[in-house]
Structure formats: structure tokens, C-alpha cells
Amino acid sequence: MGELVKKKVRTIKVDIDKCNGCRTCEMACAAFHASPRYSSLNPYRSRIRMIINEQNDEWVAVRATDYSKAECDGRRTYTIKGREFSECSFCGTICPARDLFKEPDSGLPLKCDMCESDPPLEVPMCVQACQHEALTYEEKEVWVEAEEQVKPAEMELSLKSLIDKYGLEKLANTVARMAQKG
Amino acid sequence: MRYAETGYILEVDLSKGNIERVETDPRLTELHLGGQGTADRILYDRCCEADPFSPDNLLIFSAGLLIGTPVPGTNRTVVNTFSPQTGLHAHSMFGGYFGPELKHAGYDKIVIRGKAPSLVYLWINNDKVEIRDAAHLKGKGAQETARLIKEELRDPRVQVAAIGLAGENKVFVSSIEHSNSSASRGVGPVMGDKMLKAIAVRGTKDIYVARPEELWNLCLKHSKDIYNNPKVGDWMAVEWDDSFHHNNFAWGNARVRIKDYWSPELQDRWMNYTLSIRDRLQGCYNCPKHCHLVVKPPGKPRYILKCYGKDTWHQAAFKEIDFTFDILATTQEYGLDNYSTPQLIAFTIELYDNGILTDKDLPGFPSDTGERFYYLIEKIVRREGIGDVLADGVYAAARAIGNGAEVYDHNTMKKFEQLPLKLGMINYHYFLMYATGEKMNITQIEGSYPQDAIRDLEKRKEFVDNWLAAPRRFKEYYLRWEPRQEATIDESCNIVDWNEAMHYVDDAIGLCAFVSSFRGQFGGKSAYHIFNIPTYINLATGMDLTPDDLWQISRRNRNLVRAINVRRGMRRVDEAPPADHWKKRNPEKEQETLSAYYRFKGWTQDGIPTKPTLDKLDLGFIAEDFIKMGILTGEETECYRETSVNDPAGE
């Protein structure tokens, strides 16, 4: 057991009963992460997506979490207030089973980074855009082990997915070739 | 790069199976903005005299100019064509998610011509567009169709607009259904005639705006303001006290007013019932309001209820709200319009009760009005027996049935079912809006100017001080408007012009009337108005419009619709509200007001835009057509009254 240290954890809580289905969170995320900022308003570039099934009154905002090259069996279902939900309705994994959280042009994974920027946003943009408070921002301090593994950053995620797609050797060769060309 | 719009339309010829992506002329955006404005230009240029059921007639789905931008409340898809019921321009639109998806697929519009040889649906997936067989969807409900298409395409994010059985059978009161919204007033039967069961769209492209950061920050703040503004949105979904519609609107076939219908006991009972079947309140794309009820009545599938459909069914059937919730589960799947269908059925019941229709026409007709509604719906959507006659709407059905049935058609105008409103004293600006409005429903025409004067002058002054939406002259009219006093003819002309102008703006940019043009009249606090809309358009598109420029575009679009209908034969004689709309009429003053309004608009005394009017609106080509066709002589000198938002009230 390593030493315990205090760490600030930032999260976005989702109250699915409050959601009105406007999908502004998607637009807000895409806009904030566009370069130049706000220049593109494409929900398909968003790192938060609405899982919607109208017949099931299912409106769930899901943030992209980790990248996985394999899909899970996805067979678990949950019944909540008489409505059946698939596990996928709450899952933020960037997996091959669905085309959520993938950059529409490149197919590379898009992960929620809580709008970390310089200067940082006090509250992530999707939360600011959600008038119904279906999304709320929360900061809390938790005790964690000091040598906790550092989560991979976005570029690392992208590279990992490229390795999965093309293989490490091919990718390394390409990078080397590009580096030579300057 | 084009800002706010994609700059492309999708041209689909269902007869030939031809699909083209066509770049549009940016000059047309400057002239008409987009949405209905540019759609009407296509209708005028390409098929102005087409028979509604001919392959030449176009069915146009337009995503408004600002759809897909951060401007909150812009999500309306406008559907335009020629209506088989009226023979005139058809205007209808729906919210939800379809328009934004279409924009992201890279198109501002879908223009559909021709007729498919068998039932098909259109699948738009960015640049890949296919006409697909829909034999397996024949007879399916509108939402069921949406579900099946999403399953078939293995993509839950596809947005679908579909017709139900009523549309397939070209029932005139049928609708196009999408998610929480629908389009009606003649567009459903045309989609059915084209053998187009549905349009499915999926888009993943970017939409760009001219000044992103400024627009985003402004919209983020505006979204909060709209959320906090109780005077905007459709509060029917959340307001438990609905005494206004129940005590004032007519029940049955627009016949009976029950002035003391509403009671606290009823309110409680209806509220408790609604809450017991309600899953949530729901909204449209990029709008902070929640105007729709997601409900699941016992034994019925879950659906999303929109707008005034919450009242129309039980009021037409003399029933209570549970009847409405139940029947909507059926009618929304069949794709029937919530405004005209209840009117049509109540009219039929009157014919039966008065011996004009008999058991021979309606074998086994039940005695309970509720059961009669279900009975007639089945006949109408299948065009079975008398249903085939009724499916053409009240006006045509009354004439086909004859035997005195015409008398019971007392609430149509320009052959179209109107809201069941029967009032006492005539109000001349409402007379004008009914008479000359070409969007066929008063809710699509009224909205900016309050319906009543505030009795207390101090309170009226306070209201006017906070009335951001109103150009100066309307504030002055309102200050001098004493209760029960009529507006002057000149005031009436200006008020109607303003009311209409705002709707024409909304329908071009895709803004929902519930946060804009319809919402000034109750409390004066619409979120969008002639003064702030240009800012949003300018930041999104890079244009440089002033409020007066915007009004001028709206005037151009309004005259374009008038010109289309004039070419289709509409004249002054058609501009008459139902005879019993007001108990007390004054035909002389009505006609005097109408004449003055035509002069104000720069139209002839037959309601035709003149050459000077058309020339000044950059619509000179229409004047040339009219002169060639003998509609105008070219000698007419009348021109529209030039106004500015800064004008004082005058006399």
C-alpha cells in the first residue's frame, strides 16, 4: 500500500430526470474544443453525447471516458422505474461497437478533458450550457494512493488507437519518415 | 466558405431516381435569408402553377438559416409545397432535431419532385444519398417507421420525418411527423402522393459562423435568459390553469362556448392525471425550454405531445383530457393534424346528428362521441366509405355530401379549417389577419401586439417602458389604446404588418415562434424581436443587417407568397373570415379596412402586389410575369408604405 494523499477530483454529475433533450451540451463541447475556439458547432465532435431512445423516454448524457480497442459483451440491462436500459446507455468507453466519441474525419478517440484550458474554465462548457441542471459540476477531495497511475492524455489515446489500427511498427515508421521530411 | 448556411441543396427527382447536390446563389440568401424565404423563391421560379398532385409539384424541406448555429431556439424545418386542400401555397414547419441533422449532412434544403413508382424512403447520410424501398413500411405508424428505419440503418442517431397511414392515403388533414413535432396544412398528402414514406438523415459535417466567439458568448447568456423567462415557450405543457382555452374557445364543431367550464376541482383532477402518465418535459434541439410532454397513457405506447393538440381533441368531442391523451397515441401514429382533424370529425358528427349523414353512410355508428371519433378516424385514414369524402377536409366534404351539409361548414377559410374561435365584437386587426394571412392559421400570423389593453394607465406605461420588442409607433398605439376601444384603420394596418413581419422572419431563419413572433402578445416579453434578431443573423452569417433591413427582407418574402397565391388565382373575394367568427359584423368597415390595408401593402384593390411594389422589393421579374399574364396592367401606381422602426405613431 502506498502513501495516501489528498487529491482534487472534478466530475460532472448527470440527473437524467432533469434532461429536456436539447443536446446543447453536445454543441457546447464541440464548440469549446474547436480550433479556433467556437469555430465549429458539430455535435459529432463532442466528447459528451446524448444517448436517446424516445420510445423508451431515454435521454442520457454520457461523457467519453477511456479508449478500448475491444468491445465488451454489452449484454447487461437495467430496469429503472419500469424502463429497460442497456448498459451502453451509461457507458462512456470509446469502443469499436459504436461510433460515439470519435472524431468524424479521422476516427480518432475524443475524450472528455473537463474543458482543461489556459486559463481554465471554472465550470466545463457543457455544464454552463445546460440550463436545466441535468449536468452539474462537482469538485471534491478524495484520498488516493500517491503513486496512482497517471491517466493517458489525449494525444496518447489517439496514438494508442492508431497503433491498434495500423500496428506500432507502421506508425513508428510513418512518424520517422515525417520527421525526416521536416 | 458560407457562414450559417451550407450553401447546398439536395435535389431529388423521385420519378427518375435522380439525386443531385446543387450549390445555391448567395445573392438569394441576401434577398430572402433562407428557410421559407428561399423555398418560396424556388416554388415561384419552378412550379408556380403546378397541380398539387402532379409530379411537377415540389415538396421542399428547408432548415432555417440559423439552424445549427448556437442561437437558442432555432431548430425549425419549414415544409413548403402546394396544398391539395386549398390549391394555394402550403406553409408548415416542425421543430425537434431534423433540421440540424440536415444542416450537418451538408444541405440547407431538400427539394423533392416527381413521384416514386412504389413506396420509398430517402436516406441521406452526408454525401451518400439513396432512394430506398419502403414496401415493408407501408401502413406503419409514423413513429414506428422512425424506429424501424433507425434499426434497419443500425444507427439510433438518424433523424426521421415520416408520414403515417393518413399521409400514404393522401388524406388532406394528414401530417408529417418527426419526434416531438409535426408539419401539417397540406404537406402530408403531397408527401403521400410522391410515394415518399419517410426521409432519414444523418450528418456529421461542420457548420461555420462568421464571428464564433462573440456569437457563442452572446448565445450562452441568451439561453439562460430564455430559460428564466416565463413569458416564452409553449406553456400549455406546464400550465395547469388552462381556463383560457376551455372557457373561451368553442367546443364541438366550433359551436358551443362554455364560459364557466373551468373549475379548481377539474384543474386538480386533470393535473393529477397528467402527472400520473407524464414521464418528463422535453424540448427541441438547442432550446432551453421544455414545451413537450412525454406521456405514456395506460395501455398505449409512449409518445411526445406537442402544443395545442392537448386541448383540440377533447374540446371537439366534449370529453375530458384523458380522452385526448388516449386518442393522440393513435392519431400521431396515423399522422393526423391536431388542428384540422378534430374539426373535421366534429363536423361529421353534426351532419349525422342533423340527419344529413345517416346509418347508411355510417353503418354501426356508435352513440358515444369518443367512440365516434375512433370510428371516423379509421374510416378517414383508410379513405373507406364516407371516409373517402371526409378525407378531403370539411370544405370539400360539405360540397360532396350536399343536402344542406354546406351550412355546417361554417369555420373554414380559403377552404381550410380554422381554430374553433367564435367571438362577440369584431376587432379589425384580427379581421385583417384572418382575411389576408396566407399561413392559413391565425397562430402563424398573430403574436407581436398584445391581444388586450391593460386597463390601468400607469401599468400600461410600465408595460410599454419594458417592451423591448416594440418599434416606437406600437408603444404609442398601445398607450392610447383604452379597453374596448377599436384601433384606428391605420393602426390596424401597421399592427398586422408587424405581426406578420415577425413570422416571416422566423420562418426564414428557423426560429421557433414560441420564443419569438407568437410570444409578444402575452406579456410583451418575447426573447427575439426586430431589434435583436439582426445581431444574431449578423454574427452568424457575416451580413450587416439593420432592423429596417430585416423588415424589408420580411416584406419581400411576404410579397413573394402573395404573388405565388395570386398566380394560383387567389383574389380579394377569397379574403373573408368565417361569417360567424364574430357575432357582430360591420361589412362596410371591414371592407374599408381591407382596402386601406391593400393600399398600405402596395397591392391593388384585388390584393395583387403592384409593379412599383414588386420593383422596389427586387421582385421586378414577378411584375413582368404579371403584366405578361394580364394579372397587372402595369399602370397601377400604388406602392407599399415605407416604414421604419423609428417612425412615430402619427395621427
Side-chain angles (χ1 to χ4, degrees), chain A residues 15-28 30-32 34-46 49-60 80-83 86 88-89 97-100 102-105 107 121 123 125-134, chain B residues 4 68-70 72-73 75 96-97 100-101 103-104 126 143-144 146-147 150 154-157 179-180 202-209 211-217 219-220 223-228 278-292 294-296 301-304:
Chain A
D15 183 340
I16 63 172
D17 287 336
K18 285 185 179 167
C19 178
N20 77 330
C22 72
R23 294 175 54 193
T24 312
C25 52
E26 297 180 349
M27 188 195 272
F32 184 78
S35 178
R37 195 146 282 175
Y38 310 112
S39 62
S40 163
L41 305 148
N42 189 346
Y44 305 96
R45 297 188 192 280
S46 174
R49 291 304 309 268
M50 290 295 304
I51 309 279
I52 298 174
N53 179 336
E54 292 180 11
Q55 276 90 0
N56 198 37
D57 185 40
E58 192 176 325
W59 312 80
V60 189
I80 304 169
K81 285 193 209 162
R83 300 201 297 277
S86 138
C88 290
S89 295
R98 53 185 188 183
D99 70 348
L100 284 184
K102 284 165 197 157
E103 183 43 62
D105 302 328
L121 284 186
V123 174
M125 193 49 85
C126 59
V127 177
Q128 290 190 42
C130 180
Q131 307 302 341
H132 289 265
E133 296 180 348
Chain B
T69 74
N75 48 49
Y97 310 90
E101 200 72 33
K103 275 275 192 73
H104 284 297
N126 290 320
Q143 296 301 347
E144 192 186 3
R147 183 176 59 78
K150 286 176 194 186
R154 298 170 64 87
D155 189 343
R157 282 169 300 282
S179 181
N180 58 10
R202 174 92 164 95
T204 59
K205 296 186 190 181
D206 292 317
I207 292 168
Y208 304 100
V209 294
R211 286 154 73 183
E213 185 153 12
E214 234 175 304
L215 184 62
W216 180 262
N217 290 328
C219 291
L220 200 57
S223 181
K224 203 167 274 319
D225 291 342
I226 292 174
Y227 175 75
N228 288 320
R278 185 178 97 180
D279 287 321
R280 82 176 57 234
L281 292 165
Q282 194 267 345
C284 296
Y285 187 79
N286 190 25
C287 180
K289 303 311 277 192
H290 46 206
C291 308
H292 306 276
V294 180
V295 290
K296 193 188 173 315
R302 178 179 282 109
Y303 66 91
I304 310 180

From [X] [atom1] over to [Y] [atom2], what is the distance, rounded to the nearest 0.5 angstrom?
X	Y	atom1	atom2	result
Thr69(B)	Trp216(B)	OG1	CH2	10.0 Å
Thr24(A)	Leu41(A)	OG1	CG	11.5 Å
Gln128(A)	Lys224(B)	CD	NZ	7.5 Å

Contact class of [X] relative to chain B, heavy atoms under 4.5 angstrom:
X	value
Tyr44(A)	side chain
Ala31(A)	side chain
Ala28(A)	both
Met125(A)	side chain

Contact origin within [X] toward chain A - heavy atom pairs under 4.5 Å:
X	result
Tyr227(B)	side chain
Glu214(B)	neither
Tyr97(B)	side chain
Lys205(B)	backbone
Pro288(B)	both
Ile304(B)	side chain
Lys289(B)	backbone

Regarding [X] and [Y], does a basic nitrogen lie under 4.0 Å from an acidic carboxylate oxygen?
X	Y	value
Lys150(B)	Asp155(B)	no
Arg157(B)	Asp99(A)	yes
Arg49(A)	Glu26(A)	yes
Asp57(A)	Arg83(A)	yes
Asp17(A)	Lys81(A)	yes

- Task: Tell me, out of Cys219(B), Pro156(B), Ser179(B), who's got the most heavy-atom pairs with chain A below 4.5 Å.
- Result: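 Of the options given, most contacts go to Ser179(B).
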
- Query: Looking at Lys103(B), Gln143(B), Arg302(B), which has the largest count of heavy-atom pairs under 4.5 Å with chain A?
  - Reply: Arg302(B)

Who wins among [options] for the most heavy-atom pairs under 4.5 Å with chain B?
options	answer
Arg45(A), Arg37(A), Arg98(A)	Arg45(A)
Ile52(A), Asn56(A), Asp105(A)	Asn56(A)
Pro104(A), Cys19(A), Pro36(A)	Cys19(A)

- Could you go step by step and tell me if Trp59(A) and Ile16(A) meet the side-chain contact (heavy atoms from CB on, under 4.5 Å) rule? CA-CA 6 Å; Trp59(A) 312 80; Ile16(A) 63 172; over 6 Å; no

- Item | Full working for side-chain contact (heavy atoms from CB on, under 4.5 Å) between Ile51(A) and Cys88(A) | CA-CA 9 Å; Ile51(A) 309 279; Cys88(A) 290; over 6 Å; no

